Amino acid sequence: MKSKISRRRFIQGTLAAGAAAATLPSLSLVAGEVEHSTPSGITYAQNWCEMCFWKCGLTAKVVDGKVAKLEGQKDCPSNFGKLCAKGNSGVFQLYDPDRLQKPLIRTGERGSGQFKEVSWDEAIKYIAEKANALKAKYGPETFTLFAHGSGEHSFVDLIHIMGSPNICIPSYSQCTGSRDIGWALTYGKPVGGKEPVDSENAKCIMLLGRNIAEALHVGELQDFINGCANGAYVIYVDPRYSKTAAKSNKFMMIKPGTDTALLLAMINYILVKEIYNKDFVENYTSGLEELREHVRPYTVKWASEITEIPEKDIIEAAEKLCAAAPHCYIHPGRRLTRYGTDTQFVRAIAILNALMGNWEQPGGIYRPVPLKLDQPHMVHDLERVEADRADGAGTDFPIASTDLGLANKMMQAIAEQKHPLKGMFVYGCNPFHNQGSTETVEKAIKASELIVTCEIYMTDTAWYSDVVLPESTYLERYDPIIITSRKSGYIQYREPAVKPLYDTLGGWEIAARLSKAMGYENHFMDVREYNKEFLDSIGLTEANMKKHGCLVGAEGDPFPVASGAEPEFHTPSGKAELFSSMMSDLGYEALPSYEAPPMPKGDEFRLLFGRLSFHTHARTQNNAWLLALHHSQVELWINSERAKNLGIKNGDDVCIVKGEKKSNPCKAKVVDYIHRDAIFIPHGFGSVSKMLTRVVGVGARDSDFTSDVTDPVSGSAGFHNGFVKVVKA
Amino acid sequence: MKKKYAMAYIVDRCVDCKACMVACKAEWHVPDEDFRTHIDTGKSPDYTDKLRLHFLPHQCNHCDDAPCVTVCPTKASYKREDGIVSINQKICVGCKYCIVSCPYDARFFNHELGVAEKCTFCLPRIAEGLAPACVTTCPGNVRVFGDVNDPKSEISALLRDAAEKHYKVWKLRQDLGTEPNIYYVQK
């Protein structure tokens with residue numbers, strides 16, 4: 001017998017881009033949909049992947065009550081049927097005995113790893129009493145939250161109910177904050193989590209450390225590989241020859257920290273040679289003359305000396321882009337927390353893109369097709385707290401997002417205790433790894449009177465918490481339906497493939513129980529009830545979602561400008577702002593300049609870190625299937641000449657040293673193709689939690705050695721000004 | 001005509017993400033430390049001037065004249081009609097001759113079961129009309145699988161296209177006379 005789940009796109013109606021909130025038109029199942037009989041013992045469940053945050057649609061195959069395999073949903077526009085190594089390893093995570101299995105309350109010193117197993121009732125009551133006492137003593141603003149993941153809104157809503165504005169989603173300050181601010185200052189809207197670069201149709205692509213092959217978001221990678229196959233000329237700029245470099249036509253090894261100099265010289269060259277997209281620049285941008293004047297000193301010769309990239313290569317890159325314009329793009333990046341000058345770096349990227357006139361053009365920047373639907377609220381009577389935040393978002397950093405907050409500044413504020421921030425909640429993230437300074441995290445932990453972490457594993461942060469709440473994994477829970485936009489707008493559905501293996505709950509149920517125990521009367525919807533209400537409002541049923549998993553609800557033109565529409569920019573001038581009037585008004589430099597970051601001295605290296613294709617953040621390192629891909633070894637990339645001087649040979653065990661601190665050993669990967677100033681390690685290793693049994697003490701924890709500088713515009717962190725030495729273990 | 005299953009890798013599209021390795025592991029409960037497919041990294045000889053790394057998947061080549069079949073003392077390893085080299089685990093005695101005889105290092109010893117193990121081209125999946133797990137999951141669409149005796153198959157079309165356009169097409173160690181059935185295509 002044959003069983004297949006058809007996930008055919010069945011909504012053919014098109015919502016006009018930019019249309020007001022509407023329900024899906026003319027919903028009807030496509031004729032010919034056939035129900036296949038299912039062999040006994042085999043069922044299928046729909047989900048989106050939570051092994052990273054790209055949210056690939058997937059179907060879980062369940063055999064005799066056990067998840068046997070995960071496969072991508074063919075028509076889900078996030079991944080078109082594919083899953084990466086991380087996605088495939090979700091099965092191992094589900095059945096990993098290292099998972100948190102019961103609520104835990106700390107019994108020993110923080111960090112001792114001594115906990116007792118308790119019931120949910122006991123854990124909830126304990127937290128509620130402690131939290132209410134803190135609130136009575138210090139006021140509601142005493143609570144802080146660090147949250148990331150599909151369930152993050154459960155704890156976001158809870159903290160609003162508890163009365164605190166101090167909510168941080170680290171994906172802003174620790175990742176894309178500077179990028180989205182720099183882009184929004186230029187174009188009037190942020191880049192967004194599904195970067196709208198049209199790699200498939202691009203004739204030329206320039207990436208400045210955007211390591212698409214190893215950051216590995218499936219849809220983004222597919223587009224990029226298709227673009228390469230379609231003949232895009234790829235210029236890859238990085239101090240290190242990554243796997244993305246291997247797909248490039250031109251690899252430019254840049255001296256780390258000098259990328260803005262490269263961009264400014266390219267802008268200058270393009271303006272002097274008058275090879276920019278004149279029609280676009282003259283009609284749809286503002287500040288050309290100021291820009292021209294401003295970049296005059298930034299010559300190619302000057303940039304070549306700073307970046308160590310030959311002049312001819314800089315010129316060639318500029319000319320290749322211009323020849324391809326408007327069907328080209330310079331990638332705005334993703335995690336741009338490098339040198340504390342990242343917003344201005346992105347401004348330079350945005351300006352260079354504007355000179356290409358690639359806005360809403362094939363091969364350039366596309367317009368995501370929105371699916372605008374009225375969604376119900378999980379908490380009906382939620383009043384969002386609008387008080388001033390302790391991290392300075394909205395005040396010290398007036399254009400930093402107050403919704404997402406500044407996780408870096410919040411952690412510093414907790415450590416410094418200028419405000420009595422005593423109750424720390426953590427959901428699905430791991431400040432010991434995502435903050436630039438583990439000392440700051442340690443101080444913040446010492447200063448806190450209550451630390452609650454909701455997680456699926458005993459992360460380093462959970463290890464130091466007072467209460468650890470085990471969450472059900474994505475394969476064991478419902479979550480509210482999500483709406484996603486790429487070149488179409490679509491909804492994605494999550495249902496449990498199996499019942500929770502252990503004594504765990506989903507984030508929403510945990511938040512609801514906490515809220516109730518604390519005495520708040522807000523009503524949390526049940527997730528299924530929410531999904532039903534949402535689906536009812538658009539004429540769909542749970543059965544539709546169980547069948548398809550992902551449904552496309554809006555199709556439209558992602559290139560309206562190419563189709564003749566006038567470009568629209570929600571900036572003060574209504575144009576793409578080469579000269580940023582908002583920055584000028586706020587007292588920031590309205591045009592980007594090159595500001596040299598501090599440089600390593602003597603035998604120091606600049607510590608760079610990033611992703612491997614098969615790990616996410618500090619979340620997946622303990623997964624045995626993924627660890628086997630690299631034999632549990634953590635490589636430290638080091639330049640061959642520098643290594644030789646230090647007597648380090650390929651494969652040697654080496655440690656990172658900074659002052660008194662020394663990392664666990666890593667394996668030296670001695671290569672010519674990393675800049676001599678830098679070493680590189682993969683992120684997420686070196687955990688101290690002994691309940692991550694396969695990776696405790698394995699490799700270096702980058703956050704012990706990185707910098708924690710602050711970008712003055714976005715307020716985001718800068719990690720790459722950390723200078724270290726390397727010694728043999 | 002008899003089927004002749006084969007696989008091609010469009011190597012330009014591979015980014016060494018290793019999704020294939022984990023999908024295969026999940027599909028076949030491959031022991032944690034082992035894999036039935038791998039990705040090797042190769043350097044162009046002139047890499048110091050014009051640096052280029054290549055990512056080259058590999059797995060069982062399902063050879064027409066397979067050394068593993070030749071050396072197997074119990075005939076546990078055998079060549080099927082459809083071209084797939086298979087292992088009958090019931091009569092495998094775990095002597096490991098096949099493992100050392102394979103010039104492609106495609107086999108390993110499954111310590112849990114005490115038998116040799118390798119890629120099966122996902123036989124049960126193809127019987128169901130599905131592509132092999134590595135093909136289905138590959139984010140780069142590197143892998144193309146099918147019947148090279150069927151001119152309408154995707155792999156036949158790819159190989160025809162490659163011949164017409166003079167893409168570089170090769171197989172591993174053809175000098176050994178093993179007649180492998182994995183094609184490497186570089187556009």
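Quantities reported herein were computed from a predicted structural model and do not represent experimental measurements. Residue numbering restarts at 1 for every chain, and letters A, B, ... go by the order of the sequence lines.
Interface remark: of the candidates D16(B), D12(B), D32(B), D16(B) forms the most heavy-atom pairs closer than 4.5 Å to chain A. By number of non-hydrogen pairs under 4.5 angstrom with chain A, the leading residue of K187(B), E27(B), E33(B) is E27(B). When each of C20(B), C14(B), A133(B) is checked for heavy-atom pairs under 4.5 Å with chain A, C14(B) comes out on top. Each of S613(A), A628(A), G87(A), S632(A) has some count of heavy-atom pairs under 4.5 Å with chain B, and the biggest count is that of A628(A).
The list of side-chain hydrogen bond (donor to acceptor under 3.5 Å, both in side chains) pairs with a residue in residues 92-103 of chain B, not counting sequence neighbours, is empty.
Taking NZ of K69(A) as the reference point, atom NZ of K25(B) lies at 13.0 Å (rounded to 0.5 Å). From M21(B), atom CE reaches atom CG of N88(A) across 12.0 Å, with rounding to the nearest 0.5 Å. Here K243(A) contributes atom NZ and L53(B) contributes atom CG; the two are 9.5 Å apart, rounded to the nearest 0.5 Å.
Put simply, the side chain of K82(A) reaches to within 4.5 Å of the side chain of N141(B), judged on heavy atoms. Counting only heavy atoms from C-beta outward, the side chains of F224(A) and V15(B) never approach each other to under 4.5 Å.
Interface remark: L83(A) contributes backbone and side-chain atoms alike to the contact with chain B (heavy atom separation under 4.5 Å). Of the two parts of L70(A), neither the backbone nor the side chain holds a non-hydrogen atom closer than 4.5 Å to a non-hydrogen atom of chain B. Residue contact with chain A, scored on non-hydrogen atoms closer than 4.5 Å, involves the backbone and the side chain of K18(B) alike. Using a 4.5 Å cut-off between heavy atoms, N226(A) contacts chain B through both its backbone and its side chain. Contact annotation for L629(A): both backbone and side-chain heavy atoms come within less than 4.5 Å of a heavy atom of chain B.
Within a 6.0 Å radius of NZ in K3(B), no more than 12 heavy atoms belonging to other residues, nucleotides or ligands are found. The 12-atom threshold is not exceeded at CD of E81(B), counting heavy atoms of other residues, nucleotides or ligands nearer than 6.0 Å. Surrounding CD of E154(B) are at most 12 heavy atoms belonging to other residues, nucleotides or ligands under 6.0 Å away.
A pairwise comparison of heavy atoms in A85(A) and C17(B) identifies CB-O, 3.7 Å as the closest pair. Summarising the geometry of W625(A) relative to F35(B), their closest heavy-atom pair is O-CZ, 3.9 Å, with the distance given to 0.1 Å.
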